[in-house]
Structures are given as structure tokens and as C-alpha cells.
Amino acid sequence: MSAVDHPAATEALRPPPPPRGWPRERVIGYILVFLWALAFVGLVAYLVSAWKPDMFWRYAPGYLSGVWVTIKLVAISVMIGALLSVPIAYGRMSRNPIIATFAYAYVYFFRGTPLLAQAFLVYYGFGSFRPQLDAIGLWSFFRDAFNCALFAFSLNTAAYQAEILRGAIQSVPKGQWEGAESLGIPRLLTLRKIIFPQALIVALRPYGNELILMVKGSAIVAIITVYDLMGVTRLTYSRTFDFQAYLWAAIIYLLIVETLRHAVDWVEERITRHLRR
Amino acid sequence: MQSVWTLLSWGPEGWLDEIAYGVFITVSLALATLPLGLLIGFLIAVAKQSQERSLKLAADIYTTIFRGLPELLTLFLVFYGAQIGIQQVVRFFNPTASVEVNSFVSGMIALGVVFSSYASEVFLSAFRAIPRGQYEGGYAIGLSKFQTMRLVVLPQLVRIALPGLANLWLILLKDTSLVSAIGLTDILRQAGVAARVTKQAFLFFGFATLIYLALAILSSIGIGLIERHVGKQEVQR
């Protein structure tokens with residue numbers, strides 16, 4: 001309190017302000033910021049000078065549909081992955097060694113191999129089983145590149161989400177389970193009303209990161225001929241040989257990822273209000 | 001129809017030698033990228049924890065961009081961008097010249113840049129785990145700023161950052177598969193060629209996937225050994 005009453009006293013106790021002037025760090029920092037600024041100005045100048053209205057109107061609708069395909073692919077596969085991740089996370093935490101080993105093998109396989117290889121395995125590899133797939137009527141599903149990508153992505157993100165879910169549930173102290181049990185609350189209700197709300201706070205950031213990784217990872221579907229944002233970009237580049245095709249894609253991807261990142265920050269801020277002091 | 005074992009044998013009949021070459025390319029690309037990414041990542045982390053605002057800002061822009069762009073897009077930006085950029089410089093002197101950028105080097109730069117922006121976060125949180133007293137102690141016994149970093153902070157930093165870096169190594173190993181898109185003959189590309197020639201797509205892509213899995217398992221074992229070794233040093237002190 002006395003500090004507020006006597007501003008002069010705090011003035012005397014405060015350490016001296018750091019010396020201004022030009023130490024080496026500041027010189028390097030200013031040079032780097034200047035270089036970034038130069039790069040941005042160069043980028044804008046290039047995009048303005050390379051602006052061709054007819055080209056824009058010809059390819060902009062393609063980019064829009066590409067963004068839509070990307071969003072659709074990520075949204076659907078993350079949702080299917082979320083559903084699949086529940087039994088897998090359950091299996092990872094199971095005391096039954098067979099179920100636990102199986103779930104561990106699943107997670108290890110999908111986290112240990114590249115998403116691109118998994119997509120190739122589904123898109124090209126499943127073609128080897130055409131007669132069998134035809135027999136059970138699934139061939140029409142796997143003939144489409146988008147469906148193959150959706151299939152591979154769902155299985156892949158399920159493995160990652162299962163680990164997030166498991167980590168979050170195990171981060172809730174055991175006493176919470178015991179407390180609920182001593183109150184006679186059924187296990188499923190405990191999970192839903194007591195464990196999940198606490199686990200969600202822990203899981204939110206990893207879930208957000210997984211979503212961002214999926215948006216970025218979805219670019220690889222361009223290689224298996226899906227016309228997502230990256231696929232449209234490649235198509236545009238192969239037709240025009242104009243490098244700005246890639247620069248526009250970079251800008252759009254950065255916008256999507258930054259929006260998602262800030263949205264996750266905002267949600268985290270919201271749901272941890274009660275923890276703030 | 002050839003049997004599976006003939007297709008996966010060594011020599012002109014089988015594809016094992018081609019795929020082994022792909023493994024060599026993949027592993028050497030990852031190994032070549034690692035020091036580059038670690039070095040840039042460390043410098044970025046030093047810049048990020050600096051008192052100087054402008055240095056922090058420059059480092060933050062770097063990580064925001066390269067963590068926000070898809071790895072594949074970064075790769076294309078480097079590959080085609082470098083090609084066009086160098087071509088324009090060369091055309092300035094020799095109007096008829098055409099330039100071919102090495103896809104290995106492009107892959108190394110693109111993956112290194114992505115690796116470094118993630119590694120900087122790992123290093124940064126490790127920096128934060130080291131108490132200020134360690135620096136002050138170093139300065140108090142008369143070490144210079146650089147010596148304090150090298151002799152006092154770095155040995156502790158490596159130990160704290162190791163699990164995070166190990167994770168990034170596994171991600172890097174998987175990301176190398178993207179260079180097959182710019183024509184580098186890595187595991188996945190060789191498997192793709194084999195699949196197209198023999199029409200045994202599932203076999204070869206499955207085999208390639210298992211090789212990646214084997215590389216991941218080998219890496220995990222190696223990382224475990226390194227962690228045990230580093231842990232031992234800590235006990236001896």
C-alpha cells in the first residue's frame with residue numbers, strides 16, 4: 001500500500017533503465033526486421049505487378065473450390081477420426097493385453113509412417129484388390145481419389161487423436177474417479193460429467209494442433225490427384241507457369257492456419273476462465 | 001506372374017536393390033537436414049528469448065510463416081522459387097541458359113527450414129527451464145557470454161531438449177517422403193516406380209510403409225540409447 005502512497009519511494013528503488021544505444025543484438029534485429037519488411041514489400045509489389053485480371057477471373061473460382069475441398073476433407077476426416085479414436089483410446093488404456101497390444105500397434109503404425117505413404121497405400125494399393133472390393137461393393141468408393149484420401153486421413157488422425165484423448169483422460173487425477181465412486185456415481189456418468197470436462201481443458205490445445213496439422217497435411221492429397229487447394233495450385237502452375245500461383249496458395253494456407261490458431265487461443269481463454277486468479 | 005519373393009529380391013529380377021537405394025537417399029536426406037535444422041532452430045530460439053524486441057519479432061515472423069505453411073508447399077516454393085530466381089539471375093548474363101535446381105538440396109533447405117521452426121520452440125522451452133542463476137554463475141566466474149552458453153547452458157539445454165528433438169527427428173523422417181513429389185528417388189518414389197512396372201501396388205507401397213516403420217523403430221532404439229547415455233552423464237556429476 002505504501003508504494004502507492006509514495007510514488008517517489010518506488011522511483012528510487014527501481015533499477016536503472018537498460019541502456020539504449022546500439023548493442024550488437026539490436027543492430028542484427030533491426031537488419032532482420034528490415035529484411036522481412038523488404039520481403040513483404042517485394043511480395044506485394046510482385047503480386048501487384050503480376051496482376052492479370054483475366055487470369056484472376058479464370059482461376060479464382062478454382063482456388064475457391066480448392067479451399068472448399070480442403071476444408072471438407074479435413075472436417076470430415078477429423079470428425080470420423082474423433083469417433084474412431086474413442087475405442088482406440090479405450091483399447092490403449094485397457095488392461096486386457098491383447099486389446100492393448102492391438103491398439104498400440106494401430107497407433108504405432110499410423111504415427112510411425114508418413115501420411116503420404118498411407119495415402120498411396122490406399123489409393124494405388126487398394127487397386128490390387130479390385131475383384132475382392134468389387135465383390136463387396138466397395139470398389140466404387142475406393143475408385144475416387146477423394147474417398148481414398150478421406151479413408152487414409154480418418155485412420156491416421158484417429159491414431160493421433162486417440163493418443164491425445166488417452167493423455168487427457170490420464171491427466172485427470174485418480175482421486176476424481178475415486179471421489180465419484182464413493183458418491184455412488186455410475187462410471188459412464190463419471191466419465192461424462194466429471195472426467196471429460198477436466199480432460200477437455202488439457203486436450204484442447206493438442207486437438208487444435210492436430211487440426212492445424214491436418215490442414216497442412218491435407219496438401220499431400222494433391223499428389224494423388226485430388227483438387228484441393230494444393231491440387232488446384234499445381235494445376236494452375238502447370239497451365240500458366242506463373243509462380244504467383246504458389247504464392248497465393250501460401251497466403252491462403254497461412255490465413256487458414258492463423259485463423260485456426262487464434263480461434264483455439266480464444267476458446268482456451270474462454271473455457272479456462274474459472275482457473276484464472 | 002512372379003512370386004512375391006522374386007519381386008522383392010536383389011538384382012535385375014527384383015526391386016530390392018532399387019528400394020535400398022531409395023532408403024539410402026531418404027536416410028541421407030534426413031541426416032543432412034538434421035544439423036542444418038538444429039543450427040537454425042537454435043539461433044532462432046536464442047533470438048526469441050532475447051531482450052531485444054526487434055530480434056524477437058524477426059524470429060516470430062519466421063516461425064509463424066514456416067509453421068503455418070504446409071510442408072509440401074514450402075518444398076514447392078523452394079524448388080520452383082529457387083529455380084526461377086536463379087534462372088533470372090543467370091539469364092541476366094547469359095540469355096539462353098537454363099537452370100536445373102538440385103532436388104536434394106531443395107528438399108534439404110525446405111525440410112531444414114520447417115524443422116528449424118519447430119526445433120526453435122523446443123529449444124525455447126528448454127531455455128526457459130534453465131534458471132537465471134546458471135548464467136549469473138557463469139558470468140560471476142568470469143566466463144564470457146559465449147563461453148557461458150557453450151560450457152554452462154548448452155550441456156543442460158541438450159538434456160532438456162532431447163525428448164522434443166527426438167520427436168522432431170521422427171517427424172522429419174516421415175516428411176522426407178514429400179521429396180518424392182519433386183522427383184527425388186527416395187523410398188516412396190522407388191516403390192511407386194516398382195508398383196507401376198509390376199502392377200503390384202499394394203505389395204510395394206506396403207513394403208515402403210514397413211520400411212518407414214522399421215526406420216522409426218530403429219530411431220526410437222537409437223534415441224533410447226542416446227537418452228540413457230546422456231542420463232548417465234547426469235548421474236556422474
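Letters go in sequence order (proteins before strands), and every chain restarts at 1.
Contact annotation for B:I217: both backbone and side-chain heavy atoms come within less than 4.5 Å of a heavy atom of chain A. Residue contact with chain A, scored on non-hydrogen atoms closer than 4.5 Å, is absent for B:L203. Residue A:I31 does not touch chain B at all, counting heavy-atom pairs closer than 4.5 Å. Only the side chain of A:F40 comes within contact range of chain B, with heavy atoms under 4.5 Å apart. With a threshold of 4.5 angstrom between heavy atoms, B:I84 approaches chain A through side-chain atoms but not through N, CA, C or O.
Partners of A:F129 under the ring-ring contact (aromatic ring centres under 6.0 Å, His included) rule, at least two apart in sequence or in another chain, are B:F202. B:A161 pairs by the side-chain contact (heavy atoms from CB on, under 4.5 Å) definition with B:V122, B:F123, B:A126, B:L165, not counting sequence neighbours. Under the side-chain contact (heavy atoms from CB on, under 4.5 Å) criterion, A:L254 pairs with B:I65, B:L69, sequence neighbours left out.
Of the listed residues (B:G206, B:G81, B:A208), the one with the most heavy-atom contacts under 4.5 Å to chain A is B:G81. Comparing A:L115, A:I28, A:L121, A:L32 by heavy-atom pairs within less than 4.5 Å of chain B, the highest count is held by A:L121.
Heavy atoms only, all atoms of each residue included: A:A249 and B:L73 are closest at C-CD2, 3.8 Å. Between A:A219 and B:P70, the shortest heavy-atom distance links the atoms CB-CB, 3.7 Å.
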Dump the table of donor-acceptor contacts under 3.5 Å between chain A and chain B, or return none if there are none.
unit_1	atom_1	unit_2	atom_2	d
A:E25	OE1	B:S50	OG	3.3
A:R26	NE	B:E52	OE1	2.7
A:R26	NE	B:E52	OE2	3.3
A:R26	NH2	B:E52	OE1	3.2
A:W36	NE1	B:A58	O	3.1
A:Y108	OH	B:S220	OG	3.3
A:R111	O	B:K174	NZ	2.7
A:S128	OG	B:F202	N	3.2
A:Y160	OH	B:K174	NZ	2.7
A:K216	NZ	B:R67	O	2.8
A:K216	NZ	B:Y118	OH	2.7

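Heavy atoms from other residues, nucleotides or ligands lying under 6.0 Å from CZ of B:F104 number more than 12.
Here CG of A:L213 is found 7.5 Å from CD1 of B:I171. Values are rounded to the nearest 0.5 Å.
B:L72 places a side-chain heavy atom less than 4.5 Å from the side chain of A:I223.
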